[in-house]
Protein chains: 2
Amino acid sequence: MASSARRPERRQEPLSRERIVTAAVELLDTAGESGLTFRALAERLATGPGAIYWHVTGKGELLAAATDAVLGTALAEDPGASPRDAVRTLALGVFDALDVHPWVGAHLVSTESHAPTLPLFERVGRQVRALGVPESAWFTAASTLLNYILGVAGQNAANTRRAAPGTDRAAHLGGVADAWSALDPAEYAFTRSVAGQVRDHDDRAEFAAGIDLILDGITALSR
Amino acid sequence: MASSARRPERRQEPLSRERIVTAAVELLDTAGESGLTFRALAERLATGPGAIYWHVTGKGELLAAATDAVLGTALAEDPGASPRDAVRTLALGVFDALDVHPWVGAHLVSTESHAPTLPLFERVGRQVRALGVPESAWFTAASTLLNYILGVAGQNAANTRRAAPGTDRAAHLGGVADAWSALDPAEYAFTRSVAGQVRDHDDRAEFAAGIDLILDGITALSR
DNA sequence: GGTGATACTGGAACGGTGTTCCAGGGAAAT
DNA sequence: ATTTCCCTGGAACACCGTTCCAGTATCACC
């Protein structure tokens, strides 16, 4: 026992894939998408770039792992909920995760792999099935929902990325409203007319309203 | 007159912003998003990187200008059409443009500026208004449509980017269907069940069906 | 205790990127 | 003829992702 008592566990907090991914998420959250560089990551972990490459294939895998880490917590399932509520919960979970980690949206929407969106598609699809949609429309209904979620993901990511980290939501929305009000009345009549609505709107509620809108269209298919 | 007769017009096809943007679009189409580099662009234009910077601020503006050039042609308006048809035409115009230029999707969805999507929002919004939606729901309805369009834009861009330029659509979809069929039956029951539908589905029709779905939800608001 | 093998480290270096800088050329104005 | 000024394009800079590899620490076995 004496020999095994000297545990080598934290020789100096050994590098691990998990530690790297955690640091990558922190870096992305604080410094933005362009802030994730192998050199910055190496400095934060008090090591060199080469060591990181021993645990991780490259930047692509690093981003994928970071995305999974963030999104995984947002996909919890609640067996008791109605299909409608389940979809809403799912969608809002993604929305909230992207609100905290704006870079996920950009990656989700522009990655070449379906891997990160597949679990989301599956969970959305199950609820679509539970809604009583005819089988022939399953795919259409599920991908419409997914596409909407991802579309908002990208847009919202762009929004929160643009807003300075310190400034609050209201100030930013006010800025957008001002910009829209200043547009050419002839060319942007509609946009100007809804500038007021954007000033004091709630993105989250708006997003949920969009989900409901699509769910209405979907349930109309069941009859 | 004699002096002005010798027009200096094409001393050697002088560099211009327009010529640069055209070359950039060609480069993006043939070599993909990563193919657009100032050095490749300079070589194609038989000049150096410095000359390009005299006409263009940086890569961001170059991408924005290229996006505008491609998207501008897709936003033609047809005054005679019904609001429903107008939205469909608009959406399909964007879809087709992104099909030819996949890189636009990625940029549209991840850019920090709303500039390129604003004209699209305006045109969609006008049709929403024409549908008889109550004013309080204008913004929600228009952004739901826009978000869906952009969501598909991103996903579809990822798809056509992934497919090798030579291979046709059917082969690629078959590949996706095969991959989905090979998933874990317990974890991905739904995804497996729609793998067949994805094999011989028509993205374009599917996209239009999604638009209709949302339009159904929107028109339900009018009553 | 020695002695390999193995798992892991981290600094140096390579090719490529966006961007800046600036010495110059060529048409137009004086 | 000379000056002016738009415009060019090559060289250089800082930084990126990635590779390479000499070196270390740890363990299994003799």
Side-chain angles (χ1 to χ4, degrees), chain A residues 1-24 27-28 30-67 103 106-107 110-113, chain B residues 1-21 23-24 27-28 31-67 103 106-107 110-113:
Chain A
M1 272 296 177
S3 75
S4 75
R6 181 185 53 85
R7 310 216 212 122
E9 278 200 355
R10 50 188 312 282
R11 50 179 174 219
Q12 58 180 8
E13 304 209 39
L15 220 46
S16 70
R17 197 187 139 94
E18 192 191 346
R19 239 163 62 81
I20 292 174
V21 172
T22 303
L27 214 46
L28 283 163
T30 58
E33 325 179 49
S34 65
L36 177 62
T37 63
F38 276 78
R39 282 168 176 78
L41 200 54
E43 191 184 7
R44 179 178 273 253
L45 293 168
T47 177
I52 298 175
Y53 270 86
W54 199 92
H55 296 272
V56 155
T57 312
K59 192 165 190 179
E61 189 197 324
L62 190 56
L63 255 162
T67 303
W103 48 272
H107 179 244
S110 69
T111 181
E112 311 230 340
S113 162
Chain B
M1 271 296 175
S3 75
S4 75
R6 181 183 52 81
R7 309 214 211 124
E9 278 200 356
R10 52 188 312 283
R11 50 182 175 215
Q12 59 179 10
E13 303 207 39
L15 220 46
S16 70
R17 197 188 140 93
E18 191 191 347
R19 238 162 64 80
I20 292 174
V21 171
L27 214 46
L28 283 163
E33 324 179 48
S34 66
L36 178 62
T37 60
F38 276 79
R39 283 168 177 78
L41 201 54
E43 190 183 9
R44 181 179 272 253
L45 294 168
T47 179
I52 298 175
Y53 270 86
W54 199 91
H55 295 272
V56 156
T57 313
K59 193 166 190 179
E61 188 196 324
L62 191 55
L63 255 163
T67 302
W103 49 271
H107 180 244
S110 69
T111 182
E112 311 231 341
S113 161

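In what follows, chains carry the letters A, B, and so on, assigned in the order in which the sequence lines appear, proteins first and then strands, with residues in each chain numbered from 1. Nothing here was measured: the structure is a model prediction, and the numbers come from that model.
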- Between atom CZ in Arg44(B) and atom P in dG9(D), what is the gap in whole Å? 17 Å

- Where do Arg44(A) and Leu27(A) come nearest, in terms of heavy atoms and distance? NE-CD1, 3.6 Å

- Query: Rounding to a whole Å, what distance do you find between Leu45(A):CG and dC8(C):P?
  - Reply: 16 Å

Can you name the atoms? Protein N/O to nucleotides 18-22 of chain D N/O, anything below 3.5 Å, with the distance.
from: dT18(D); atom 1: OP2; to: Tyr53(A); atom 2: OH; distance (Å): 2.7
from: dT18(D); atom 1: OP2; to: Lys59(A); atom 2: N; distance (Å): 2.8
from: dT18(D); atom 1: O5'; to: Tyr53(A); atom 2: OH; distance (Å): 2.9

- Nearest atoms (heavy-atom pairs only) where Thr37(B) meets Ser34(B): CG2-O, 4.0 Å

- Task: Return the set of residues passing side chain to side chain donor-acceptor pair (under 3.5 Å) with Thr57(B) (not counting sequence neighbours), or none when no residue passes.
- Result: Glu61(B)

- Query: How close do Gly35(B) and Ala40(B) get, heavy atom to heavy atom, and via which atoms?
  - Reply: O-CB, 4.0 Å

- Message: Taking 4.0 Å as the cut-off, does a side-chain nitrogen or oxygen of His55(A) come that near to OP1 or OP2 on dT9(C)?
- Response: yes

- Message: Expressed as a whole number of angstroms, how long is the span from Arg19(A):CZ to dC8(C):P?
- Response: 14 Å

- Message: Just the rounded figure in Å: distance from C1' of dC16(D) to CG of Leu41(A).
- Response: 14 Å

- Query: Between Glu33(B) and Leu63(B), is any pair of side-chain heavy atoms under 4.5 Å apart?
  - Reply: no

- Closest approach of Ala51(B) to Leu15(B) (non-hydrogen atoms, all atoms of both residues): CB-CD2, 3.7 Å

- Looking only at dC7(D), dG10(C), dC8(C), the nucleotide nearest the Thr47(A) side chain is dG10(C)

- Message: In whole Å, I'd like the distance from the CD1 atom of Ile52(A) to the P atom of dG10(C).
- Response: 10 Å

- Query: Expressed in angstrom and rounded to an integer, what is the separation of Arg17(A) atom CZ from dT9(C) atom C1'?
  - Reply: 18 Å

- Over how many whole Å does the gap from Trp54(A) atom CH2 to dT24(D) atom C1' extend? 15 Å

- How about Thr67(B) and Thr111(B): do any of their side-chain heavy atoms sit closer than 4.5 Å? no

- Message: Considering every strand and a 4.0 Å limit on heavy-atom distances, what is the contact class for Leu62(B): base, sugar-phosphate, or nothing?
- Response: nothing

- Query: Over how many whole Å does the gap from Leu36(A) atom CG to dG17(D) atom C1' extend?
  - Reply: 11 Å

